[in-house]
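Here's the structure we're looking at; comments come further down.
Chain identifiers are assigned alphabetically (A, B, ...) following the order of the sequence lines, protein sequences preceding nucleic acid strands; residue numbering begins at 1 within each chain.
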There are 2 protein chains.
Amino acid sequence: MNTALPTARPKASARQKLLDAALSVIRTKGYAATTVDELCAEAGVAKGSFFHHFKSKESLGVAAADYWSETTGALFETAPYHRHADPLARVLGYIDFRKALLTGRIEEFTCLVGTMVQEVYDTCPEIRDACDASISGHAAKVEADIAEAMTKYGIRGGWTAQSLALHTQAVLQGAFVLAKAKGNAEIAVASVDHLRRYIELLFHLRKGKDRA
Amino acid sequence: MNTALPTARPKASARQKLLDAALSVIRTKGYAATTVDELCAEAGVAKGSFFHHFKSKESLGVAAADYWSETTGALFETAPYHRHADPLARVLGYIDFRKALLTGRIEEFTCLVGTMVQEVYDTCPEIRDACDASISGHAAKVEADIAEAMTKYGIRGGWTAQSLALHTQAVLQGAFVLAKAKGNAEIAVASVDHLRRYIELLFHLRKGKDRA
DNA sequence: CTTATTATACTGACTGGTCGGTTTAATATC
DNA sequence: GATATTAAACCGACCAGTCAGTATAATAAG
């Protein structure tokens, strides 16, 4: 199987268009309710092309999760919060960056892999693993800054950098669920605010009772 | 096939069996991937019965969300943490109760309406509203204790009882997503621990740095 | 320059099966 | 006698996946 990148790139390849369509459609309707025909229509390619590039709908799901990891990875890699010299400032900058992303339509800020894994965790191990890799890989980058901040500020509670990093992801995923239920991002923003307040408290940036 | 069990049949109506089957199957496979035939097989009920009680699969989804609200409502109503006279003890007791539920197979402790709303928030407003009512109704009960605790202990930060109550639900929903991705409840337990620590900090039960 | 070969990208009609939902006709149960 | 319930046949739409064939483009041979 030669998965090499296309030799020449005259235009967006069918594969690329299908992956972009997958991100959009699956985030809107979920994985199971998304049909191959719909993806082809959205991408403007023939159905044959779909099965030329992906051996099944399931393998597209895996590829979409991987593609999600790449694109979001690039987004966060180049985000401005990395410029802070202080690791705690980077952690809080990350939270603020996530909060700033909570705008526009719901399907534009929610998480592809969080949506997919809810549906297929028990029925499709390959997609589940790809989703796990995406979430855990992202959390690992947050964890690095948290660990550095813990060392720098001598913080040791009954928790680890890893558990706090994963907790940030849990809050975000849960915020997406509530945003979907309520039909707007307001609650998600408020929840991320609580997450920030928690981290500030853990690192003594706030005394218990204070103003916003 | 007539299993010929004359009087052994207790009062479990077909509707009831279908709702129980829906909770189990949808929590395992998601709403879209669940078929009517599968629900009938799981419930041991003829397909005609399904459409006798529910006019469509979608209306079953709404009924399942309502049924979920009832059963979980009863579960929490009778939970022991309500015996605490102190409202803050009730809030923390609620968190501990939620944590204690995080055992067994994943589909046994995850949330039906959180799973469903992820899939259908944009495609089926009626199910989404039923899921929202379930989550928001549950949060409102937590909110009452939080509000009482805020008054009793004179806590006023830049947050409301409502936003904190919804935040607890976001943490739980997100913990379920991560548990599904990782295939076990460990991370969910750790995230609920973080949530408890946050509430303790908000109510001055902890000083920033301390032991577990 | 022309033709043959090879490999990949792509097409769209087609297929076998599944889906939600309907219908019918008979049987329990209250 | 009305309300459940059953079993099975049935329907049309839709589904994932197939297949035979076209398009393009690069390489090599005649």
* Between A:Arg90 (side chain) and A:His84 (backbone), is there a donor-acceptor pair under 3.5 Å? ->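 Between the backbone of A:His84 and the side chain of A:Arg90 there is a qualifying donor-acceptor contact (under 3.5 Å).
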* Asked: Counting only N and O atoms by type, is there a donor-acceptor contact under 3.5 Å from the side chain of A:Gln118 to the main-chain atoms of A:Thr115?
  ->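 A pair under 3.5 Å: no.
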* Asked: For DNA chain D, what residues of residues 51-64 of chain B have any heavy atom nearer than 4.0 Å?
  ->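 Heavy-atom cutoff 4.0 Å gives B:His52, B:His53.
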* Output yes when A:Arg196 and A:Glu200 qualify as a salt bridge under the 4.0 Å nitrogen-oxygen rule, no when they do not. =>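 Yes, A:Arg196 and A:Glu200 are salt-bridged.
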* To do: Decide, yes or no, whether a salt bridge links B:Lys29 with B:Glu107 under the criterion of side-chain N to carboxylate O below 4.0 Å.
  =>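 A salt bridge is absent here (no side-chain N lies under 4.0 Å from a carboxylate O).
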* To do: Between A:Val36 and A:Gly48, just flag the one whose closest nucleotide in DNA chain D comes earlier from the 5' side.
  =>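 Upstream on the strand: A:Val36.
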* Asked: With a cut-off of under 6.0 Å to the ring centre and 45° to the axis, is A:Lys57 in cation-pi contact with A:Tyr31?
  ->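 The answer is yes; both the distance and angle limits are met.
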What is the distance, to the nearest angstrom, from the [atom1] atom on [X] to the [atom2] atom on [N]?
{"X": "A:Gln16", "N": "C:dC10", "atom1": "CD", "atom2": "C1'", "answer": "17 Å"}
{"X": "A:Lys47", "N": "D:dG17", "atom1": "NZ", "atom2": "C1'", "answer": "7 Å"}
{"X": "B:Phe50", "N": "D:dA7", "atom1": "CZ", "atom2": "P", "answer": "17 Å"}
{"X": "B:Arg15", "N": "D:dT6", "atom1": "CZ", "atom2": "P", "answer": "15 Å"}
{"X": "A:Asp37", "N": "D:dT18", "atom1": "CG", "atom2": "P", "answer": "14 Å"}

* Asked: Parallel, tilted or perpendicular: which fits the ring planes of B:Phe76 and B:Tyr94, with parallel below 30° and perpendicular above 60°?
  ->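 Rings of B:Phe76 and B:Tyr94: tilted, 30 to 60°.
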* Mind checking A:Thr35 for me? I need base, sugar-phosphate or nothing, with any heavy atom below 4.0 Å counting as a touch. =>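 Sugar-phosphate, backbone atoms only, no base.
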* To do: Look at the side-chain N and O atoms of A:Ser49 and state whether any lies under 4.0 Å from the OP1 or OP2 oxygen of C:dA9.
  =>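 Answer no for this pair, as no side-chain N or O of A:Ser49 is under 4.0 Å from OP1 or OP2.
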